[in-house]
Every structure is written in C-alpha cells, then in structure tokens.
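One structure below.
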Protein chains: 2
Amino acid sequence: MVTIREVAAHAGVGAGTVSRVLNDSGHVSPATRARVLDAIEALHYRPNPLARGLSRGRGQTIGVIVPFFTQASAIERLRGVVAALDGSPYDLVLFDVESPTHRAEHMATLTRQRADGLLVMTLPVRADDLHRLADTGMAIVLVDSSHDGFPAVVTDDVAGGRMAAEHLLALGHRDIGFIGDAPDNPFGFTSSAQRELGFRQAHDDAERVVREDLVHHGAHQRDVGYALAGRMLAGDEPPTAIVCCSDMQAVGAMEAARDTGLSVPDDVSVVGFDDIELAAHVGLTTVRQPLYRSGELGARLLLEALGAHPPEPGVHELDLELVTRTSTAPPGVRR
Amino acid sequence: MVTIREVAAHAGVGAGTVSRVLNDSGHVSPATRARVLDAIEALHYRPNPLARGLSRGRGQTIGVIVPFFTQASAIERLRGVVAALDGSPYDLVLFDVESPTHRAEHMATLTRQRADGLLVMTLPVRADDLHRLADTGMAIVLVDSSHDGFPAVVTDDVAGGRMAAEHLLALGHRDIGFIGDAPDNPFGFTSSAQRELGFRQAHDDAERVVREDLVHHGAHQRDVGYALAGRMLAGDEPPTAIVCCSDMQAVGAMEAARDTGLSVPDDVSVVGFDDIELAAHVGLTTVRQPLYRSGELGARLLLEALGAHPPEPGVHELDLELVTRTSTAPPGVRR
DNA sequence: TTGAAAGCGTTACCAC
DNA sequence: GTGGTAACGCTTTCAA
C-alpha cells in the first residue's frame, strides 16, 4: 500500500504538506499543491482511514442500531437513514439487535472510536449506557424512543391508539379486540402500551367499556396476529373489529378472519399500525407512522450534532395519521 | 479514554502483556492474566478498534455494496447477509448505490483498510476495480453476478426466463408480453437480458414466435410495469399474458390490467420474478429467487475467505423455482 | 509556506 | 512469561 510518505517523497515535499493538501487545511502554495496532487494521482494514493481515524480521534462512521432488521418497519426507517446519509462523509455501520443479549453486547463494546455518532432506532436503551457514551463525546439521536437530554424523533402513540379506536367506535363498533405487545416484553418496548392507553381513552371518552376479554398481547408478527385473532373470532362473543399494533399482526388477523369463514370488513373490521407497503396492497386501514421520515430526520439531526453546530437536544414529534382503506366498515347487519 | 497503558500500569505489567491477554495470544501466567482482567474491569477499558486496526492492518469490517437499497429484493438479500454475519467479529458497513456515479465513487475510495472483505450484490463491477482490490488482499465475494476467479453466488437467469414462458405456453398462451430491463441500462445489469433470452428459447422450443411488439423495457419499478403493461393492453392485439422481470413490475402490470377493466387471470395472466413477500399477498405467480439465501451464502463464503481456510473461488449456483399462484390461468374463453 | 517530529492506541517482535 | 520498543499511517504542533 502506498503511504503518505511515499507521496511526499514523490512530490519532493514533507508528509505534513501532503496531509495539508489532503485536508484542505490551507497554507499551501498553489504550485506545491499541484505537485502533491500529481503525485497522489500518479501513485494512486488513497488515505488509510484507520490511521486517519486514530490520529484524529474519529473514524467517520455512524452506527445505526436497529432492532429486528427482519421487520418491514425497521427497514423502512433504515431507508430514510440511508437516504439522509447519502453524500455525507460518514460510513454507515449496521448493528442488528434480535435479542436483549444482543443489545447488551453492542452497548458493551460500543465506544466513541467505534462510531462518531449513534442512531438508536426504537430500542429502549439504559440511561447509564446512553450517558456513558455521550460523555465520551459520541453524538446520539434517538428515533422512536426518548430520554431526557437527548435529541429524539418520536410520535404520539397514545394518540395513535386513540385514532384507531375512535375510527371504529365512530363506525358503530362496540366489541373491539386489541392485539399489542406484551407490557413486560423483554426489550421494554413501550409504544404498544401507549397505544393501548389511547385505545382505552377513546373508549372512556365515548363512554364505552373495553372488552377486556378481547385484549391480547404478543409479538409484532403475522402468525401472532393470526393466532390471537383466530382465538378471539372463535369465541362466544367475537369482536366486530380488531385493532392491531402492527400491520403484520393485522394482516395475520385478516387471514384468521378469512380462515374462520368471516369476511373483512363485512363480518369483522381490522385496523393496523405502521402503514408498510403491504398495507396498501391488502386494503388495510391503518395508523400511518412516518417511518421513512423518522429515519431521515433522525439521521439529519445526527449529522447536525456531528457538525460544528450546537447539538439540538429537542424532541421532534412527527404526526400519526389514520389511513382509511377497505378493511374497516360499520359492523355487519347479519349478526 | 482509558488506554492499554493505563491498564498495564494499574495491573503492574507491561502494555504487551495486556495485549496478549486481550487477544488470547497465550504465554501469560494465570495469575497475571487475572490481574490484567481485573484492571480492565476496574477501569472499564475498551480497546480502540481504530488503533487495533491500524496496527493489525485490518479493521474487522465487511463492506456490503448494494444497489437500490430502496428495493425489496435488495433488502431481502441484505437480511440474509445480516443473519450470516451475526455473531461474527465483523462490523457491517453498508454502501448504497443508486447511480453509476455512486458506484464509481465507492470503488474509487474503497481500500483494503476500509473493509477486510467486500460483498458485491447484483452490481456489475469493472474487472480492473475488482482486481485492484483483490490484489491488496481484500476478500471479495460476488452475489448475483460473476467474474472469473472470484467466488460468486448466482442463479441461472436464462432458465428463469424459460420457466416463466414455458408455464404460460403450457397453459395455452400465444401472445405473451415481456417487460424487462433495458439491455443498455446504465449499470450494465444483464440478468434481465438473460431472462429475455430464456423467454425466447422457450418460444423457439415450442415452435412459437415471440410477439416482438409486446417486448418492452424499463426499470424494475411498479410504475414502469404499470405504464408498459397498460400500453400493451390498450393495443389492438393485446397479450393474454405478461412476463415481468421483477415482482414490482408485475404488481404494476396487475394494476394496469384492473384499471383497463381486465381481470387477472381471466383476461390476462401475469408472471413476476423474485417472489418478494408482497407476491404471496397479491397471489402473483412468480419465479422465485433465493434472495435471502443468496445473501446468507455470500456472507458465509466471505467469512470463509477471511478465515485461515483457502478461499474458494467456485461459483455457487442457487436454484430458481416457479411458484404458481392465482395470477396465471389458461387464456380466457371470452376473447 | 514548509519540514521535522511528536503523538494517536495497538500489536508484535526481540530480548531477558 | 514478561517488559520494552519499534512499527502501523496519519494529523498536528512547533520551528524555521
């Protein structure tokens, strides 16, 4: 590999001068600058990012920690991140987290030198981990979670849960099922609990009682939605509508309905959460989360924090929006 | 930040000894080893990967270069990569390529120190770039493209094109449209051309003539499929079936059919390519590509090449498979 | 404007 | 087994 010293020798200058040219640090005469540039070209010189990083104390990388890279919603957020980072001088390193152990490992080995900035997606992270990292000078932005003192991009999940329930209540539904994350899930995700809260508030406001026997919990996967919805629909007093905390669960619920011989939305309405691409294709009414934009904004905030500008510790709230499609309708007259 | 020297001082040993403990290089007495470990724990020491990388000449990172991170098929491949890399000591850095310029930039700045290994997905890369990189000792694996002397994971696109066409010909279709990549697309993708070749071979074998007026080219996007299929279907002698080179194009084609007042598959059959998740949901008959597995295998091969084992330059071919769903049927009797 | 040299934190080699 | 000490390739003072 060709080093800066060889370039310097070739150009008849010192290594420092080459460095100055490389980094546009100024104070280099046009003539020498040209000679150096020629030498770089002639020798096909490429700076060694490791050496540069060691010397400067930063490696020009941004870490993105994503839970469940396998899930469509995670991908959608990441798309926004990739788009925002395009053209920036930072490399994107991906940390996938599929289990709490995973998360702990990453947090343990993460250091300032491993990443100049960190984008934490969705995952609740321990406050001491966050502060330890921040204290070493790492820039941190939270997306879809929040912590005092850290810039964050969030949505109002309570409002989201409300939207879903209000839509169904307004249509005339009274027996509404709910499928969300377990409140004591191993990662400590809270958004689902928030949505459930909103779901309950909407009932209260409408002076309706939540059918507690129709409130179930499980992971954000299709088979989970299928199983839980299937059980509800097979019960004695089945719901006329079901709210799910993810589109994948909702798609599973729709399949369960069909497999039970019920039609959507005639016999049972289904509402999802996220608005992933699939939702439009299956006509799912859902609470749209600005997934792409949250990733994009998070990355932009991180770049800002990494820049000379003062880091903005503000919490940026993005709006949720109910998208009405064909999976919801007034309760059927048949029953 | 706490350095190896401070740990050494704390433990009352030399820096070299700490390093040996860190890397399990042996030749350290259990007693000193314990003292060092204690010091590490007490000081919360974490090795600086930049320094380590500079010293060792490798940064423990794998670069993945992915065209169109925005496309479902790219994501699916990446999922396999992430899964295969999980648990390995390598960090995954993502290079998204959305344009030939992008590609050139990445190839220009890529060096051995930027990534120990490189996984090139789908993208045709210039031979000299490949060799330059390989010459510096970078391990390289190609997924969905190939080059002499490089390990690669491929599929038989000609066979894939054949499958699609044979399926439709066997159903009795005679006027079959084809939508693929432009042969002179800016990236130099060739898989679509291969599929077209297979499509033609199937016609030849069945002693059928390809309806050249129904062969069109465009990008792998839904709107492209929509536009091209719409044009075909509005023509004087519309096709009774259409083969698309991606599922997104196929979904667009299905939409075009519906918007033209045609039903799928009664009036027109549609075949896609890839079998992304969406395909199952819309009942699309498609040629399944082992996307996930190709990424996974590619990553595994790369890890192998990075290990002590001899790098396997073999080409690994993964099988394509026709998945029959409800978007194809014999040509309608109505016409 | 420029060159020389001192780090940056590790690893790895060489004596002891 | 262990400590000392060159590298690794770059940036950044500090003089000149």
Side-chain angles (χ1 to χ4, degrees), chain A residues 1-37 39-40 43-61 89 91 109-116 136-137, chain B residues 1-37 39-40 43-61 89 91 109-116 136-137:
Chain A
M1 102 160 298
V2 30
T3 73
I4 203 171
R5 246 181 274 277
E6 302 176 51
V7 175
H10 190 100
V13 302
T17 304
V18 177
S19 175
R20 265 163 247 153
V21 170
L22 245 26
N23 301 290
D24 278 318
S25 328
H27 301 284
V28 178
S29 80
T32 40
R33 180 183 158 78
R35 287 222 313 289
V36 169
L37 256 17
I40 288 176
L43 270 38
H44 297 297
Y45 167 74
R46 295 283 171 270
N48 178 336
L50 257 20
R52 185 194 289 245
L54 175 59
S55 184
R56 295 210 277 218
R58 61 202 155 84
Q60 296 292 90
T61 63
D91 273 350
T109 60
L110 257 177
T111 60
R112 174 56 221 296
Q113 4 289 320
R114 192 109 178 268
D116 306 318
T136 67
Chain B
M1 100 159 301
V2 32
T3 73
I4 204 172
R5 247 181 270 279
E6 302 177 48
V7 174
H10 189 99
V13 301
T17 303
V18 177
S19 176
R20 264 166 254 154
V21 172
L22 246 26
N23 300 290
D24 278 318
S25 329
H27 301 285
V28 178
S29 80
T32 38
R33 183 184 157 78
R35 288 220 314 288
V36 169
L37 255 18
I40 288 176
L43 270 39
H44 297 295
Y45 167 76
R46 295 282 170 273
N48 179 336
L50 258 19
R52 186 193 287 242
L54 175 59
S55 185
R56 294 211 277 220
R58 60 201 157 85
Q60 295 291 93
T61 62
D91 274 350
T109 61
L110 256 178
T111 60
R112 174 57 221 295
Q113 4 288 320
R114 192 108 179 268
D116 307 318
T136 66

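In what follows, chains are A, B, ... by sequence order, proteins preceding strands, each numbered from 1.
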### Task
Rounded to the nearest angstrom, tell me the gap between atom CZ in Arg5(A) and atom C1' in dG3(C).
12 Å

### Task
Indicate yes or no for a side-chain donor-acceptor contact from Arg20(B) to the backbone of Ser25(B) under 3.5 Å, with no hydrogens or angles considered.
no

### Query
Within this structure, what is the NE2-to-P distance between His27(A) and dG3(C), rounded to whole angstrom?
15 Å

### Message
Pick the closest DNA chain D nucleotide for Arg20(A) and for Val28(B) by heavy atoms, then say which residue is nearer the 5' end.
### Response
Val28(B)

### Message
Starting the side chain at C-beta, find the nucleotide from dG9(C), dT2(C), dT11(C) nearest to Thr32(A).
### Response
dT2(C)

### Message
side chain to side chain contact (heavy atoms under 4.5 Å, CB included), that's the test. Do Thr61(B) and Thr61(A) meet it? Break it down for me.
### Response
CA-CA 12 Å; Thr61(B) 62; Thr61(A) 63; over 6 Å; no

### Task
Find which nucleotide of DNA chain C each of Gly12(A) and Arg56(A) is nearest to by heavy atoms, and output the residue with the more 5' nucleotide.
Gly12(A)

#### Entry: First and last nucleotide of DNA chain D, 5' to 3', lying under 4.0 Å from heavy atoms of chain A
dG9(D) to dT13(D)

#### Entry: Verdict with reasoning, Asp24(B) to Arg33(B), per side chain to side chain contact (heavy atoms under 4.5 Å, CB included)
CA-CA 10 Å; Asp24(B) 278 318; Arg33(B) 183 184 157 78; 3.4 Å; yes

### Message
Do Arg114(B) and Thr111(B) have side chains that approach each other closer than 4.5 Å (heavy atoms only, starting at C-beta)?
### Response
yes

### Summary
Taken to the nearest whole Å, CZ/Arg52(A) to C1'/dG7(C) is 17 Å

### Query
Checking side chain to side chain contact (heavy atoms under 4.5 Å, CB included) for the pair Val21(B)/Thr32(B): CA distance, chi angles, key distance, verdict?
CA-CA 9 Å; Val21(B) 172; Thr32(B) 38; over 6 Å; no

### Message
Within the 4.0 Å heavy-atom criterion, would you say Gly26(A) contacts the bases, only the backbone, or no part of the nucleic acid?
### Response
nothing

## Note on the structure
In whole angstroms, the gap separating P of dC13(C) from CG of Asn23(B) amounts to 13 Å

### Query
Between Ser19(B) and dT11(C), is there a side-chain N or O to OP1/OP2 distance below 4.0 Å?
yes

### Query
Sequence neighbours excluded, which residues qualify as side chain to side chain contact (heavy atoms under 4.5 Å, CB included) partners of Arg112(A)?
Arg58(A), Asp116(A), Thr136(A), Met138(A)

## Note on the structure
Rounded to whole Å, CG of Asp24(B) lies from C1' of dT11(C) at a distance of 15 Å

#### Entry: Atom pair distance, as rounded to whole Å: CD in Gln113(B) and P in dT11(C)
17 Å

### Task
Measure from CD on Glu6(B) to P on dC8(C) and round the result to the nearest Å.
11 Å

### Message
Using a heavy-atom cut-off of 4.0 Å across all strands, would you classify Arg46(B) as base, sugar-phosphate, or nothing?
### Response
sugar-phosphate

### Query
Can you check the Leu54(B) CG to dA12(C) C1' distance for me, whole Å?
13 Å

Could you tabulate the donor-acceptor pairs under 3.5 Å formed by side-chain atoms of residues 47-54 of chain B, not counting sequence neighbours?
from	atom 1	to	atom 2	distance (Å)
Asn48(B)	OD1	Leu50(B)	N	2.7
Asn48(B)	OD1	Ala51(B)	N	3.3
Arg52(B)	NH1	Asn23(B)	OD1	3.1

### Message
Over all strands shown, is Val13(A) touching base, sugar-phosphate only, or nothing at heavy-atom distances under 4.0 angstrom?
### Response
sugar-phosphate

## Note on the structure
Comparing nearest nucleotides in DNA chain D, the 5'-proximal residue of the pair Gly14(B), Pro49(A) is Gly14(B)

